[in-house]
K.L.:
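Can you keep this structure in mind? I'll have questions shortly.
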There are 2 protein chains.
Amino acid sequence: MDIDRWGPRPVYEQVAEAIAGEITAHLRPGERLPAEDALAARFAVNRHTLRHAVDHLVARGWLERRRGLGTFVCDRPLDYPLHSQTRFSETIDAIGQGHSHGTRLVRLATQAADAEVAGVLGLRPGNTVWRIDTLREIDARPATVITHWLPLEPLPELGLRYRGGSLHACLRDAYGFAPRRSWTRVAAQLPTAEEAALLLAPRQLPLLRLRTLNRDGEAGIALEYAVARTRSDRLELRIEH
Amino acid sequence: MDIDRWGPRPVYEQVAEAIAGEITAHLRPGERLPAEDALAARFAVNRHTLRHAVDHLVARGWLERRRGLGTFVCDRPLDYPLHSQTRFSETIDAIGQGHSHGTRLVRLATQAADAEVAGVLGLRPGNTVWRIDTLREIDARPATVITHWLPLEPLPELGLRYRGGSLHACLRDAYGFAPRRSWTRVAAQLPTAEEAALLLAPRQLPLLRLRTLNRDGEAGIALEYAVARTRSDRLELRIEH
DNA sequence: TAGTGGTCTAGACCACCTC
DNA sequence: AGGTGGTCTAGACCACTAC
C-alpha cells in the first residue's frame, strides 16, 4: 500500500484506506492498533495527517480511540449491517429478547420551554415544563440518550412520581393517560460533547436523532415531546409497512 | 462570548458554541460566515483550531463549506413523510410549493448479487441483478443518492426501458407491477468518498441510510431493494403514526 | 489576481491510563 | 514513570472560485 504524494488524492485518504485494508486482512475485533507515532512513522506522514486518516475510520465505526490506552478495532464493523444482531424496534421502548437492557435516570428537573419545545407541546416559550433525561443501555452498554419534555399542569408531582423505568407506564398508571405517538422525525447527527460522554461514543460516530410527539389518545393533548439520540451501530430503526 | 483558555473545556468547543450562538442570533440561512482567517483572528485562536470548531458545526448541518467561496449557514431540512405508498417525487410535491426537484441517472448495469442483496431479494449470491444508481436533487442541489437492486428475470430489458425519472412508475407502466414498501431500516452513517462526491457533501456530514424492500403488492415477489443515502440537513424523515 | 477553503508538516504540551 | 491519545500553535503550499 504505497502513498502517492503528488496525485490528486489526499494523503490522509490513502492512509485511511491502507489502514482499513490492514484491519480486514490482519486485525481482529478488540485488537489494538500501533500507536499514532508508530503509524505516522510507518506511512512517513505527520502525526496530524495520520490522525485525520484515523478520524475517518473512527467515524465509520471501524476503530475506537481510548485515551491513554490506544486505538482499537471495533467489535462490529458498521459495514456488515445485515449481520448485525441488534434487534430493531420502531418504538425503541421494546428492546428484544436475548439482550439485557435497562433505563437510567440522568436528570429530572423543571425548566423554561424554548421555542421548539413550546411549539410542539402547544405552550408558550418560557412556560415551565418537566425535563427528564434518561439513558438506555443494551447489554450493559449505553445505546440511547433520551430527553423528554412534558407539560407541567396535567402532570403534577411528576418529579416525585417518576422514579426511573418506563415513563409511559408512569403516565398511564399514575395519571390515567394513554400516550400514543403522533409523529416521529428522523435525522442523522454527530453527537454533542455531552451526548458523546453519556453514550461513551467517539465524537465522529453519527447518531440517529428521533424526535417524537406523544399525545393522549388519538388526538388528545400533547403529553410528551422526546428527542432520542441513538448509536446506530448498537440499534437500528426498522419500520414495517 | 469569551474563551476560557485554561479551563477544562477545549477551546474549539467553546469557539463552536460561540459561532453557533451567532448563527442563531444574527445569521440567516444562505448567509456567508467571515473567512476562516478572520474568525481565527477574532477568537484569537489558530486557524486549525478554528477549523476544528467549524468541523463540528458542518457535521451537525449548521454550516456548509464551499471551497473557493466561503462557509455558509445551511437551510433548515425539509421533511420526508414516509408512508407505504410515498415516492420521492410525490413527497417533494407534498413539501412542494417552491421546491424544485429532479432525478439524475448515475449508473445502470447488471452485476452479481452479493450476499446481502441476494438474501433480501430471495436470490442466490452470484445471481445477476439490475443495479441502478440515481441522484435526487432538491432546489438543484443533490440531496439523496439511491442504489436500487432488482431481480433480472421479471424485468427483461429494464436497461432499455428505464431512462431516468420515477423507477416505480416504470415498474408499473412497463411491467404492470404494483411496488409497495415491505419494510425500511434506518441508520446513520458518514459518507464514503464516492457518496460525498455525488452529494457534494463534506466528509464529516452524517447521512441517513434507508434500506427498503419493495414487493409487488402486499406479499408478492421481492421487486426492488434500495439503499438511499440522504443528507439529513436537506431532507428529514417524518413518520406519521 | 485575490480570496477562499483543503491539506500537510513541525513541535509542543496536556490529560488519561497502566504499571 | 512511561506510553497513549487530545489539543493548540505556527507556517506553508495547494485547489477552487470569482472578478
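Here is the naming used below: chain letters follow the sequence lines, and residue numbers restart at 1 for every chain.
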K.L.:
If you compare all heavy atoms of A/R5 against all heavy atoms of A/F43, which two are closest, and at what distance to 0.1 Å?
P.N.:
NH1-O, 4.4 Å
K.L.:
Let me know the distance between CZ of B/F72 and C1' of C/dG5, rounded to the nearest Å.
P.N.:
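The answer, rounded to whole Å, is 11 Å.
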K.L.:
For D/dG5 and A/R66 - does any side-chain N or O of the residue sit under 4.0 Å from the phosphate oxygens OP1/OP2?
P.N.:
no
K.L.:
DNA chain C: A/T49 or A/R67, which has the more 5' nearest nucleotide?
P.N.:
A/T49
K.L.:
Identify which nucleotide among C/dT4, C/dC17, C/dC16 has an atom closest to any side-chain atom of B/A35, counting heavy atoms from C-beta outward.
P.N.:
C/dT4
K.L.:
If you only use heavy atoms from C-beta on, which nucleotide in C/dG5, C/dT4, D/dT7 is closest to the side chain of B/P10?
P.N.:
D/dT7
K.L.:
Establish, with yes or no, whether the OP1 or OP2 oxygen of C/dT7 is under 4.0 angstrom from a side-chain nitrogen or oxygen of A/Y12.
P.N.:
yes
K.L.:
Closer than 4.0 Å, any side-chain N/O of A/R51 to the OP1 or OP2 of D/dG6?
P.N.:
yes
K.L.:
Are any of the side-chain nitrogens in A/E22 or A/R42 under 4.0 Å away from the carboxylate oxygens of its partner?
P.N.:
yes
K.L.:
Calculate the interatomic distance between B/E36 atom CD and D/dG11 atom P; express it in whole Å.
P.N.:
17 Å
K.L.:
Heavy atoms from C-beta onward define the side chain here; which of C/dG6, D/dA18, C/dC8 lies closest to that of A/V11?
P.N.:
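For the A/V11 side chain, the nearest candidate turns out to be C/dC8.
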K.L.:
Should A/E194 and A/R229 count as an ion pair when the cut-off is N to O under 4.0 Å?
P.N.:
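No.
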K.L.:
Separation of B/L33 atom CG from C/dG5 atom C1', in whole Å?
P.N.:
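Going from CG in B/L33 over to C1' in C/dG5 covers 12 Å.
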K.L.:
Is the shortest side-chain N/O distance from B/R5 to OP1 or OP2 of D/dC8 below 4.0 Å?
P.N.:
no
K.L.:
Measure CG/B/D55 against C1'/D/dG6 and give the value in whole Å, please.
P.N.:
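One finds 15 Å between C1' of D/dG6 and CG of B/D55, rounded.
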K.L.:
A quick test of your reading: do over 12 heavy atoms of other residues, nucleotides or ligands sit less than 6.0 Å from CD of A/E31?
P.N.:
yes
K.L.:
Where each residue is assigned the nucleotide of DNA chain C containing its nearest heavy atom, which of A/H52 and A/G68 is assigned the position nearer the 5′ end?
P.N.:
A/H52
K.L.:
So does B/T71 get a side-chain nitrogen or oxygen closer than 4.0 Å to the phosphate oxygens (OP1/OP2) of C/dT4?
P.N.:
no
K.L.:
Report the distance from atom CD of B/Q14 to atom P of D/dT7, rounded to the nearest whole Å.
P.N.:
12 Å
K.L.:
Quick one: which of D/dG6, C/dT9, C/dT7 gets closest to the side chain of A/H48?
P.N.:
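Minimum distance to the A/H48 side chain belongs to C/dT9.
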K.L.:
Under the side chain to side chain contact (heavy atoms under 4.5 Å, CB included) test against B/L63, which residue among B/L27, B/T71, B/D55, B/L205 passes?
P.N.:
B/T71
K.L.:
Just how far, in rounded Å, is P of C/dT7 from CG of B/L50?
P.N.:
16 Å
K.L.:
Roughly, in whole Å, what's the span from CZ in A/R65 to C1' in C/dA15?
P.N.:
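In whole Å, C/dA15 C1' lies 15 Å from A/R65 CZ.
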K.L.:
Picking from D/dT9, C/dT9, C/dG5, which would you name as closest to the side chain of A/N46?
P.N.:
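Among the listed nucleotides, the one closest to the side chain of A/N46 is C/dT9.
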K.L.:
Does any N or O donor sit under 3.5 Å from an N or O acceptor when you compare the side chain of A/R47 with the base of D/dG6?
P.N.:
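Result: at least one qualifying N/O pair found.
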K.L.:
Can you tell me the distance, in whole Å, between the CZ atom of A/F43 and the P atom of C/dT7?
P.N.:
18 Å
K.L.:
By the 4.0 Å heavy-atom rule, please label B/R32 as base, sugar-phosphate, or nothing.
P.N.:
sugar-phosphate
K.L.:
Checking side chain to side chain contact (heavy atoms under 4.5 Å, CB included) against B/V15, which of B/L50, B/L39, B/V54 comes through?
P.N.:
B/L50
